[in-house]
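First up is the structure itself, then whatever we jot down about it.
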Amino acid sequence: MYIATLLCNPATPCLDPALVDSLRNAWGGGEALWLAPDIAAEFALEAWPDNQWKVWEDLQALGVDLVVQPAADRRKKMLLADMDSTMIEQECIDELAEEAGVGARVKDITARAMNGELDFDGALTERVALLKDLPEAVIGQVLDTRITLMPGGPALLATMKAKGAYAALVSGGFTAFTTRIAAELGFDENRANTLLVADGKLTGKPGLPILGREAKVEALEQITAKLAISEADVIAVGDGANDLGMLLRAGSGVALHAKPSVAAQCEIRINHGDLTALLYIQGYARADFKG
């Protein structure tokens, strides 16, 4: 048995009941269950539809995301999340670079690294070098004035944790940011790179070893082992090339507003919904949300 979930951006509800019924009838699905009026609905399927990605493409043009997945065990016991452009709307290093006057140069490197065009470790080292001599105090200023949470994040964390799930924030960014974001959202732990500081200024070097793609996979392995759960019990979410390892290993790997090269390799692609999409695809209704 499978479940098809249709959803859209909660800020601009546009999911038409007629569209849901039309697809349900075309695929021979069961009765539609509305998880949130005009925002999210699901129905059961006996067989995986052959034209899933053609339909997905058509729905994208209407502002609707479509996810098809096995019905069994879709409600997960652990959330493993990237931070930059996933749990927050920005790339922290890009915001620091703006303060350092090298914003355009760093943003270009970030975009290419996240799309898999550059080696992550080398790209991080190059960008951090451009922040040399930036006052450490700027980090707090950036957090206070430039960083905003991705919509749906608080509900995602509160709802999953209320059901006993464990939440880990694993970022290729920096602990100076993940520590605050993890505390604000209620993550159980966070892992990230460090920015080395001397005399109140950034040295232009990251702490070693650099936490990249493999370190995110290691976090998945280590935390599931500690919790005595399987990787199939994990829902992972990210947007960049350095997230692909954990996205492809987790039971549900969600490419959220991801780079095209990343989304193309993932079975769950959310381009219109916010982080509450991760709740809807687990079968949570809006009435179940906490926070």
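Remember, it's a predicted structure, so these values are computed and weren't measured experimentally.
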*Applying side-chain contact (heavy atoms from CB on, under 4.5 Å), run through Val138 and Gln141 and close with a yes or a no.*
CA-CA 5 Å; Val138 170; Gln141 296 169 18; 4.2 Å; yes
*asked:* Tell me if a side-chain donor or acceptor on Lys290 pairs with a main-chain N or O of Leu156 at a distance below 3.5 Å.
replied: no
_Side chain to side chain, Val55 and Pro49, heavy atoms closer than 4.5 Å_ = no
_Tell me the closest heavy-atom pair linking Trp27 and Val68, and the distance in Å._
CZ3-CG2, 4.1 Å
*Any Val67 side-chain heavy atom under 4.5 Å of Val254 side chain*: no
*Is there a donor-acceptor pair under 3.5 Å between the side chain of Asn51 and the backbone N or O of Lys54?*
no
*Return yes when atom CG of Asp144 has more than 12 non-hydrogen atoms of other residues, nucleotides or ligands closer than 6.0 Å, and no otherwise.*
yes
*For Leu278, does its backbone N or O pair with a side-chain atom of Gln282 as donor and acceptor, under 3.5 Å?*
yes
*asked:* Can a donor-acceptor pair be found, under 3.5 Å and without considering hydrogens, that links the side chain of Glu98 to the backbone of Val102?
replied: no
*Heavy atoms from other residues, nucleotides or ligands near NZ of Lys259 exceed 12 (cutoff 6.0 Å)*: yes
_Check: Gln265 side chain, Ser261 main-chain N or O, donor-acceptor pair, under 3.5 Å_ = yes
_Checking Arg74 against Ser252: is there a side-chain donor and acceptor pair closer than 3.5 Å?_
no
*Do other residues, nucleotides or ligands put more than 12 heavy atoms under 6.0 Å from the CG atom of Asp199?*
no
*Give a yes or no on this: more than 12 heavy atoms of other residues, nucleotides or ligands lie within 6.0 Å of atom NZ of Lys161.*
yes
Under 3.5 Å, sequence neighbours excluded: what are the donor-acceptor pairs made by side chains of residues 201-211?
{"residue": "Thr203", "atom": "OG1", "partner": "Leu196", "partner atom": "O", "Å": "3.4"}
{"residue": "Thr203", "atom": "OG1", "partner": "Lys205", "partner atom": "N", "Å": "3.2"}

_Distance (rounded to the nearest 0.5 Å) between Leu275 CG and Thr86 OG1_ = 7.5 Å
*Cut-off 3.5 Å, side chains only: do Tyr166 and Lys226 have a donor facing an acceptor?*
yes
*Return the minimal non-hydrogen interatomic distance between Thr276 and Ala155, and the atom names on each side.*
CG2-CB, 4.3 Å
*If you group Ile, Leu, Val, Met, Phe, Trp and Tyr by side-chain heavy-atom gaps below 4.5 Å, do Val262 and Met87 land in one group?*
no
_Ala111 backbone acceptor or donor facing Asn115 side chain under 3.5 Å_ = no
*Provide the closest heavy-atom pair for Met246 versus Val237 in the form atom of the first, atom of the second, distance.*
CE-O, 3.5 Å
*asked:* Pairing donors with acceptors under 3.5 angstrom, does anything connect the side chains of Glu89 and Thr148?
replied: yes
_Taking every non-hydrogen atom, the tightest pair across Phe43 and Gly30_ = CB-O, 3.5 Å
*Under 30°, 30 to 60°, or over 60°: which ring-plane class applies to Trp53 and Trp56, parallel, tilted or perpendicular?*
perpendicular
*asked:* Would you say that Lys77 contacts Leu227 through its side chain, given a criterion of any heavy-atom pair below 4.5 Å between the two side chains?
replied: no
*Of the non-hydrogen atoms in Arg191 and Ile223, which two are nearest, and what is the gap between them?*
NH2-CG1, 3.7 Å
*Begin from the C-alpha positions of Leu15 and Trp34 and carry the test side-chain contact (heavy atoms from CB on, under 4.5 Å) through to its verdict.*
CA-CA 10 Å; Leu15 188 57; Trp34 281 87; 3.7 Å; yes
*Say you draw a straight line from CG of Leu6 to CG of Leu35; how long is it, rounded to the nearest 0.5 Å?*
10.0 Å
*Distance-only, no hydrogens or angles: does the Arg269 side chain make a donor-acceptor pair with backbone N or O of Ala263 under 3.5 Å?*
yes
*Asp288, CG: over 12 other non-hydrogen atoms inside 6.0 angstrom*: yes
*Is the shortest distance from a Lys or Arg side-chain nitrogen in Arg249 or Glu221 to a carboxylate oxygen in the other one below 4.0 Å?*
yes
_Non-hydrogen atoms of Met150 and Ser85 that approach each other most closely_ = CE-O, 3.5 Å
*Among Val234, Ile235, Ile229, find the residue that satisfies the side-chain contact (heavy atoms from CB on, under 4.5 Å) test when tested with Lys76.*
Ile235
*Under the 3.5 angstrom rule, does the side chain of Asp188 hit a backbone N or O of Ala167 as a donor-acceptor pair?*
yes
*What pairs with Phe289 under ring-ring contact (aromatic ring centres under 6.0 Å, His included), at least two apart in sequence or on another chain?*
Tyr280
*For the hydrophobic clusters of this structure (ILVMFWY residues joined by side-chain heavy atoms under 4.5 Å, transitively), does one cluster hold both Trp48 and Leu23?*
yes
*CD1 of Ile93 to CZ of Phe174: how many Å apart, nearest 0.5 Å?*
4.0 Å
*Check for a donor-acceptor pair, side chain of His272 on one end and backbone N or O of Gln60 on the other, with a separation under 3.5 Å.*
yes
*Answer whether the closest heavy-atom distance between the side chains of Asn193 and Val128 falls below 4.5 Å.*
no
*Under 3.5 Å donor-acceptor, Asp65 side chain and Gly273 backbone*: yes
*Kindly determine whether Ile147 and Cys92 satisfy side-chain contact (heavy atoms from CB on, under 4.5 Å), including the steps that lead there.*
CA-CA 8 Å; Ile147 303 303; Cys92 289; 4.2 Å; yes
*asked:* Hydrophobic clustering (ILVMFWY, side-chain heavy atoms < 4.5 Å, transitive) - are Leu80 and Ile270 grouped together?
replied: no
